[in-house]
Amino acid sequence: MPELPEVESVRRGVDEWTAGALITGAEVVDPRILGTTSARRVDDTAAAAFVRTVTGRRITGAQRRGKFMWLTLDGEDGLLVHLGMSGQMRVHLAADEAHRHTRAVFRLERGEERFDLRFVDQRIFGHLSVQPLVPAHGRLVPASAIHIAPDPLEDAFDINATLAALARKRSPIKAALLDQTLISGVGNIYADEALFRAGIHPLAIAARTRRNRLAAVLESATTVMGDALAVGGTSFDDLYVNVNGESGYFDRSLLVYGRGGQECVRCGGEIAKLTVAGRGSHFCPNCQKPPRYR
DNA sequence: CCGATTCCCTGTTAGC
DNA sequence: TGCTAACAGGGAATCG
């Protein structure tokens, strides 16, 4: 499931391949990827409109904030690409056999090069859309990403502001970490890993957690995502690969995620699993003591 | 206003 | 063995 390190790995590949390229055509194989989560019913008319909107545009580069990625079109609009949990961006020659779950294809031309940029998404939680770029937290971002907070790897990230935002949340810290309006880029895997590395229980209430402990969680999240990015991200379930179809290697460095029932690498105890904010949460009950509030 | 829950999807896996 | 139910989860809408 693509989180910041995976989306950034994809963005880098997409940027290398597409910066300066002309979109000479496009095809929407499955119109559902044009809808938002709530409005999946998108008809062929919308698909045709999407194709008309992107065709003939020049890609200036690929940008990212948190898990939101977009291609700038002529420097004025953004072609938003959200990978959801199984989305992939793949570069292929037009003659290459299409992947079973290809949902959209962009025909690109750059100099003498001609190739396809394909959006592949098994579970259709991802989506594509073209939107005007609007200012948010010191940058221009697609309009639908205006509410997304800066991520820990961008210049606009403000540690003190993020700490203050976390300290206002009366929800479990695991839920707060997943709230993309507080801090972006952190998903279920890295939230669990950050909490384990900081020794914080996922059910600890953010607002009742000491400031230096919250800071430790942020520090851990930043570090673990940076480490993951350095090895191409986490390919836990084979649904994530980069633009060239390559997996990342961080799965072997995961300490708690997906390790329920196994031994804790730190204390030898048993990794437990419970549901927080509707997501599976893996943690060590010994290394991450349950909170005790009066 | 805020936190919790539901829904959108498909492929894999556990269980009867 | 074969079928069904449960599970995985990012993000937005809806609920309480």
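What you see below is based on every heavy atom in this structure, not just the backbone, and it leaves out hydrogens, waters and symmetry mates.
- Within the structure, a side-chain polar atom (N or O) of A/H101 is placed less than 4.0 Å from OP1 or OP2 of B/dG11.
- For A/R100, a side-chain nitrogen or oxygen approaches OP1 or OP2 of B/dG11 to under 4.0 Å.
- Straight-line distance from the CG atom of A/L83 to the P atom of C/dA8: 21 Å, rounded to whole Å.
- A sub-4.0 Å separation between OP1 or OP2 of C/dG10 and a side-chain N or O of A/H127 is absent.
- Here the side chain of A/R103 is nearest to one of B/dA4, C/dA8, B/dT10, namely B/dT10.
- Side chain of A/K169, nearest nucleotide from B/dG3, B/dG11, C/dG11: B/dG3.
- The pair A/D116-A/R90 does not count as a salt bridge, with every side-chain nitrogen at least 4.0 angstrom from each carboxylate oxygen.
- Using a 4.0 Å cut-off, some side-chain N or O of A/K67 falls inside it from OP1 or OP2 of C/dG11.
- The separation between A/D192 atom CG and C/dA8 atom P is 12 Å, rounded to whole Å.
- A donor-acceptor contact under 3.5 angstrom links the side-chain atoms of A/R279 to the base of C/dG10.
- C/dG9 has its base stacked against the ring of A/F125, the centroids being under 5.5 angstrom apart at an interplanar angle below 30°.
- Crowding of A/I159 atom CD1: a count of heavy atoms from other residues, nucleotides or ligands under 6.0 Å not exceeding 12.
- Remark: side-chain polar atoms of A/T222 are not paired, donor with acceptor, to backbone N or O of A/P152 under 3.5 angstrom.
- Between C/dC7 and A/K273, no contact under 4.0 Å exists linking OP1 or OP2 to a side-chain N or O.
- A salt bridge links A/R12 to A/E8: at least one charged side-chain nitrogen sits closer than 4.0 Å to a carboxylate oxygen.
- Distances from the side chain of A/F68 to the nucleotides C/dG11, B/dG11, B/dG3 place C/dG11 closest.
- Between the CG atom of A/L80 and the P atom of C/dG10 there is a distance of 16 Å, rounded to whole Å.
- Using the six-membered ring where Trp is involved, A/F250 and A/Y190 have ring planes that are tilted, between 30° and 60° apart.
- In this structure, of B/dG11, C/dG10, B/dC9, it is C/dG10 that holds the atom nearest to the side chain of A/N188.
- The side chain of A/Q180 places an N or O atom within less than 4.0 Å of a non-bridging phosphate oxygen (OP1 or OP2) of C/dG11.
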